[in-house]
Amino acid sequence: MSDQNRTEINKLGEFGLIDKIAEKFSKQNNSTHYAIGDDAAVIDVGDHFQLVSTDMLLEGVHFDLSYFPLHHLGFKSVAVNVSDIAAMNGIAEQITVSLALSNRFSLEAIDAFYEGVKAACDAYKVDLVGGDTTASPSGLMISVTAIGRVDKDKIAYRSGAKVNDIVCVTGDLGGAYMGLQVLEREKQVFLANPEMQPQLDNYQYIVGRQLKPEARMDLVHELLDLKIVPTSMIDISDGLASELHHLAKNSDVGINIHEDKLPYASNMQETAIEFKLDPNTAILNGGEDYELLFTISQDDFEKVKKHPDIHFIGYVNEKSSGLNMVTAKGNPIPLKAQGWDHFS
Ligand code: ADP
Ligand code: MG
């Protein structure tokens, strides 16, 4: 191919590239119920749906081992995949874990990684059922696949949000991003002066959000108990704004969220201010909190209105009204999707 025909991948972006790949393939099996485009693929196995999701974590791109303890990395690798199963309102049951590693890693290091994997398997009640192990010229690569299940009438896609539905989010947002800023700063301080010890005492909550994210499988179980099926759902891996765009686009609706309803932790807000960052930037575009963003029908509101960890941040509107954040003063401002773009 000549250079004139070369298209830079960063022109397409991550989602443009995935669309290009998806275009090439058509379904060959009836059991393939829903393929590319949601948090997990949906396979019709008869009386229920099987869910499959896979994610890759690369040293230098997704984690930095100078401040990411290997046992936390093992836990996080599982949690982020279980989170994608949760985002379909499903229950994860199995995982496979594949590793490419260089000779820089000792048995003790790999042991520490698998201690974390095991802790996550216990926390989410999933079984490690396979994987692959190979050499890497440098660095560590981790690929995890999660397999789950969901009753056919309980599945939540990104595409089911309806006008007047209530937009909900679990937990608090922006913490993982601010935790990363703290870890990066302490790394720079350490590189400049190796005598310096990292100062993390004031940032324990947000650093924990970065190093020890939890998949919200607990919420999936609670929704089951409450007999609520979200009309749409996605997990927040790239940032609230980006995930809202996915819900709005896939559901063909508009969404208004309210600035004063967005949940955050005081430790996140204080740290953002210290870093001279607008806390809203971390909340909207930070990512990696792995909370769940979902919509429910107004009829279900009574059942969850007192839930301490579900926040009602806005409403679904007609598509023509777009995606907006209504500021504390009542002005709607269009929300751009500035999630993480690994190719820019
Ligand atoms: P998430 O952030 O929930 O993990 P992604 O944005 O990574 O989701 O992926 C969105 C969708 O695109 C998923 O259905 C995923 O399986 C699919 N996808 C991503 N990369 C590829 C690829 N290289 N080939 C096929 N499908 C892909
Ligand atoms: Mg996801």
Would the distance check show the side chain of [X] and the main-chain N or O of [Y] forming a donor-acceptor pair, the cut-off being under 3.5 Å?
{"X": "S251", "Y": "K162", "answer": "no"}
{"X": "N193", "Y": "E195", "answer": "yes"}
{"X": "K187", "Y": "Y67", "answer": "no"}
{"X": "S321", "Y": "E318", "answer": "yes"}
{"X": "D309", "Y": "T170", "answer": "no"}
{"X": "T327", "Y": "N331", "answer": "yes"}

query = Has F68 got more than 12 heavy atoms of other residues, nucleotides or ligands less than 6.0 Å from its CZ?
reply =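 Yes.
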Quiz question: by atom type and distance under 3.5 Å, do the side chains of [X] and [Y] form a donor-acceptor pair?
{"X": "Q298", "Y": "Y315", "value": "no"}
{"X": "S232", "Y": "T295", "value": "yes"}
{"X": "D64", "Y": "S66", "value": "yes"}
{"X": "Y203", "Y": "E274", "value": "yes"}

request  = Check I147 against I85 and note the closest heavy-atom contact, atom names and distance.
outcome  = C-CD1, 4.3 Å
query = Can we say K227 and D300 salt-bridge, meaning some charged N sits less than 4.0 Å from an Asp/Glu carboxylate O?
reply = no
key: R216/D235 salt bridge by N-O under 4.0 Å criterion   = no
